[in-house]
Novice: 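Here's a structure for you.
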Amino acid sequence: MTRWTRAAGLLAVALITAGLAAPVAGPLATADPIGAPVAPSGGGRELLRLEVDSLSPRLVTAGTTKVTVTGRITNVGDRRVDDIDAKLQRGDPVRADGDLWNLPGRATDTADTPFVEVSESLDPGDSVELSLDAALRGPDSLDVSTPGVYPLLVNVNGEPDFGGQARLAAVSLPLPVLEVDGAPAVRPRDDPPAMTVIWPILDTEPRRLPVSREDGRPVLGDDQLAESVSAGGRLFGLVNSAATATASNGELATSLCFALDPDLLSTVSDMAKGYYVRDENGRLVAGGGDEAAADWLTRVAELTRGRCVMSVPFADADLVALSRSGAVDLATVALASSSTVAELLAPVQPVAGLFWPAGGSFDKRTVVDLAAIGPTTVIADPAHLQKVSGAAPYSVTGTTQTAYPVRALATDPLLSSSLNVAAPRSGGDRSLQRGLAALTFRALFDQKAAGAQVLVAPPRRWTASTSELTGYLDLAQRLLDGGYVEPASLQAQAAAPSAGTAGGLTYSPQDSAREVPASVSAQVARLNTTRRDLLDAMSGDNTSDVDPNTLLAPLQNGLLRATSTAWRGDPRAAGDAVEEVREQLDTLRARVTVTNPDRPLQMASGDSPIPVSVHNELPVGITVRVRVSAPPGLNIEPIQDVPVPPHHTRNAYVPAEVTRAGRFKVEVSLTTPGGTPLGEDARLELSSTSYGVITVAITGTAGGVLVILVAFRIFRRIRGARTAARKDGPADGTVDG
């Protein structure tokens, strides 16, 4: 290496801390492998709780002389704790991924600083601020002499009532050290790893309800989306931090691929035209985020223009749950919605056939369904890839025969999981300290990373603060500038020839348990069947400009939102989303009714048809089937289905025949031809004084027989009388004179 190359490398390392040396607020202590609380010595229940708020600087470079940790200690036990002291100590630098996973176990006292008194006494429920400074070199220091990623331990001792002095709280943190005064700088590899980062721009949950106002404006369940896309909001930060970082750096822009939700984009687009929000009392009020929505959508369009974009399914629907429930048509709609991304962000075109499954894998049925549409590339967790050989992209060979090829790209499990920081106990901002440490380790100190493909997949609903996002991108950019990593386009990787093979994708029972619950997906499938049947029964009309597909599209989208991966782990919220759709379906079905007359219907004859008045309040036509339950004495014959125009009433005449006189109560119900109930059943009262044909025939026959019998009897009497008269005449044949 020439002295000019060496100088450039030193300059790059120096630049890394240009935007990262300042402290960044936000608790760092989390229950995760990196930046994790350490169990108190001796076990037992927790008495003191330590929450670390900041580590400054986050990266150590030339000129750094000390590190500072700030936080808070709270007595969470049931007794007073006296003589509370704290110190910083470090362990040996990590050498492998496993060392970062087991950071608390490596945070030993290889070097430590003296204890500093924090508080003489702390009663239960009380807190005290913590601030520790530790020199990097010299006496009573951390003795950091070479670059590396060091485990740093914040150790808190105290003496509780009824006990002796012991470690009562501790938190481990990773400390990336890029350069140390007097030590050789880390040089870039001849074959640096190629880095790609997925940048997810997804809302934390679907907000839109499956209903619109009469003016066509959307209705949202709350106004948090407006806050999120406004300056200072989460979605604004995701877009703005990436836009700022890539404005003047083409290599970083090449390394990023933006994951977008069509539902989010279309919702924000409609919000910009005006929208309503359902308040806590169920009333609809005008939303106030229309200008912020329009501005944010413009920023997204500018950020993504000419760059890699991938579309998740509509509302980030759980494709596995949809596949298992048999709602293939919904899955097809969810995938086809990528056209919404292309339409709203034109001329952007999402990468075709690229899928990023929640949980890192699909089951076989879903893979087959996807591969029936076109060539499929799955961004998979490497733990879900079987029998891997060669390099990515992998040709997946163990899947059931598919119409199109299936391939896989593997994420970097260390870098991806390092960003999945759980919310700290204090509820403040999350920290990317462990993400910075993992990226630094992979780029500078991991001996196995030479020539590797590093694909970083953050949490789908990344909740890092804007300052933390900016810090992560600054580090990525400076690593690119220094030659420690190379930019790699996800779009190019998805299009590249396969360089290896994988025997298949695994999908364990644990993966299945994380899906949207089967009870929810089954209800979604049932409601979707009802929606399809209604659509089949509906028809357009020249008196209305409403299309049946347009009328039912919000319900279809609502069902997809009910299966969003945002509801994983929250079955109640998923059930509430399904309930919203069911209520709207019921509202539509209730708008087709039987008009119930206020008085009994008089049947003019024994075979008079029963008039049924069907009223359609829908803005589209619908074909209904009339069903009448017949009591004894009334025979009902089926009739043809009745088409009813929009906002119209049509009379249907049901053939009927009475077999006796009197009053009849009949139940009338309406369904679609497919059997979906419409409206409420109606009870009609019929009155008839006539007889049916059969009764008249029987009566006439009986009358005829009676006449014949009476005539026959009269005939016999006459004949008998004549016979008797002849017998009573004179015996000698004379006549009296």
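Only this structure's heavy atoms are used, side chains among them; waters, hydrogens and symmetry mates stay out.
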Novice: Please check: side-chain N/O of Thr402 versus main-chain N/O of Tyr404, any donor-acceptor pairing under 3.5 Å?
Specialist: yes

Novice: Quick one: list whatever passes salt bridge (Lys or Arg N to Asp or Glu O under 4.0 Å) with Arg532, sequence neighbours left out.
Specialist: Asp329

Novice: Is it the case that the side chain of Arg460 and the backbone of Trp356 share a donor-acceptor pair, with hydrogens and angles ignored and the cut-off at 3.5 Å?
Specialist: yes

Novice: Find the distance between CD1 (Ile201) and CG (Leu303) and round it off to the nearest 0.5 Å.
Specialist: 5.5 Å

Novice: With rounding to the nearest 0.5 angstrom, report the CG to CG distance, Leu265 to Asp203.
Specialist: 11.0 Å

Novice: Could Asp263 and Arg208 be called an ion pair, given the rule that one side-chain N must be under 4.0 Å from one carboxylate O?
Specialist: no

Novice: Any side-chain to backbone donor/acceptor pair from Arg591 onto Glu617? Under 3.5 Å, distance only.
Specialist: yes

Novice: For Val644 and Val592, run side-chain contact (heavy atoms from CB on, under 4.5 Å): C-alpha distance rounded to whole Å, both residues' side-chain angles, the deciding distance at 0.1 Å, then the answer.
Specialist: CA-CA 9 Å; Val644 187; Val592 183; 6.0 Å; no

Novice: Can you tell me which residue pairs pass the side chain to side chain donor-acceptor pair (under 3.5 Å) test with a partner in residues 227-237, sequence neighbours excluded?
Specialist: none

Novice: For Trp199 and Ala242, indicate whether the former's side chain and the latter's backbone hold a donor-acceptor pair under 3.5 Å.
Specialist: no

Novice: Tell me whether Asp576 is salt-bridged to Arg572, with the criterion being a basic N under 4.0 Å from an acidic carboxylate O.
Specialist: no

Novice: Quick check: are there more than 12 heavy atoms from other residues, nucleotides or ligands sitting under 6.0 Å from CD of Glu291?
Specialist: no

Novice: With rounding to the nearest 0.5 angstrom, report the OG to CG distance, Ser361 to Leu505.
Specialist: 4.5 Å

Novice: To check you understand the geometry: which heavy-atom pair defines the closest contact between Ser539 and Pro548, and what is its length?
Specialist: C-CG, 3.8 Å

Novice: Leu354 and Ala494: which non-hydrogen atoms are nearest, and at how many Å?
Specialist: CD1-CB, 4.3 Å

Novice: What side chain to side chain donor-acceptor pair (under 3.5 Å) pairs are there with at least one residue in residues 271-281, not counting sequence neighbours?
Specialist: Asp215-Tyr276, Asp223-Tyr275, Arg278-Glu580, Asp279-Arg283

Novice: Would you say the side-chain atoms of Thr530 and Asp533 include a donor-acceptor pair closer than 3.5 Å?
Specialist: no

Novice: Are more than 12 heavy atoms, taken from residues, nucleotides or ligands other than Arg683, located less than 6.0 Å from that residue's CZ atom?
Specialist: no

Novice: Passes side-chain contact (heavy atoms from CB on, under 4.5 Å), Leu490 versus Ile379? Steps please.
Specialist: CA-CA 10 Å; Leu490 183 59; Ile379 299 174; 4.0 Å; yes

Novice: Could you tell me which non-hydrogen atom of Ala652 sits nearest to which non-hydrogen atom of Val642, and how far apart they are?
Specialist: CB-CG2, 3.8 Å

Novice: Side chain of Arg625, backbone of Gly675: donor and acceptor closer than 3.5 Å?
Specialist: no

Novice: Atom OG1 in Thr563, atom CD in Gln523: separation rounded to 0.5 Å?
Specialist: 12.5 Å

Novice: Would you sort out whether Leu319 and Leu335 count as a side-chain contact (heavy atoms from CB on, under 4.5 Å), showing the intermediate values?
Specialist: CA-CA 9 Å; Leu319 295 180; Leu335 297 174; 3.9 Å; yes

Novice: Do Pro645 and Arg650 come close enough that some side-chain heavy atom pair is under 4.5 Å?
Specialist: yes

Novice: Under a 3.5 Å cutoff, is there a donor and acceptor pairing between the side chains of Asp316 and Thr565?
Specialist: yes

Novice: Could you check whether any side-chain N or O of Asp363 sits under 3.5 Å from a backbone N or O of Thr366, counting only pairs where one atom can act as donor and the other as acceptor?
Specialist: yes

Novice: Evaluate the criterion side-chain contact (heavy atoms from CB on, under 4.5 Å) for residue pair Ser521 and Glu515; output intermediate values, then yes/no.
Specialist: CA-CA 9 Å; Ser521 58; Glu515 294 173 20; over 6 Å; no

Novice: Got Pro619 and His647 here, is their nearest side-chain heavy-atom distance under 4.5 Å?
Specialist: yes

Novice: Starting at CG of Leu678, measure out to OG1 of Thr672 and round the result to the nearest 0.5 Å.
Specialist: 6.0 Å

Novice: I want to check something: taking the side chain as every heavy atom from C-beta on, are Leu618 and Met538 in contact at a cut-off of under 4.5 Å?
Specialist: yes

Novice: Closest heavy-atom contact between Val654 and Ile639?
Specialist: CA-CG2, 3.7 Å

Novice: Using side-chain heavy atoms (C-beta onward) and a distance below 4.5 Å, is Leu585 in contact with Leu534?
Specialist: yes

Novice: Check whether any side-chain heavy atom of Val268 sits under 4.5 Å from a side-chain heavy atom of Leu344, and report yes or no.
Specialist: no

Novice: Under a 3.5 Å distance rule, please check whether Asn616 uses its side chain to pair with a backbone N or O of His648 as donor and acceptor.
Specialist: no

Novice: Give, for atom CZ of Arg568 and atom CZ of Arg461, the distance between the pair rounded to the nearest 0.5 Å.
Specialist: 9.5 Å

Novice: Has Asp295 got a side-chain atom pairing as donor or acceptor with Ala292's backbone, closer than 3.5 angstrom?
Specialist: no

Novice: Within the side chain of Trp296, is there an N or O that forms a donor-acceptor pair under 3.5 Å with the backbone of Ala226?
Specialist: no

Novice: For Gly221 and Leu209, which heavy atoms make the closest approach, and how far apart are they?
Specialist: N-CG, 3.8 Å

Novice: Looking only at atom types and distance, does a side-chain atom of Ser629 sit under 3.5 Å from a main-chain N or O of Glu667, one as donor and one as acceptor?
Specialist: yes

Novice: Identify the two heavy atoms, one from Ala562 and one from Ala574, that lie closest to each other, and give their separation to 0.1 Å.
Specialist: O-CB, 3.8 Å

Novice: Less than 4.0 Å between a side-chain N and a carboxylate O, is that true for Arg299 and Glu302?
Specialist: no

Novice: Is there a side-chain contact between Arg365 and Val368 (heavy atoms, below 4.5 Å)?
Specialist: no

Novice: Would you say the side-chain atoms of His615 and Thr649 include a donor-acceptor pair closer than 3.5 Å?
Specialist: yes

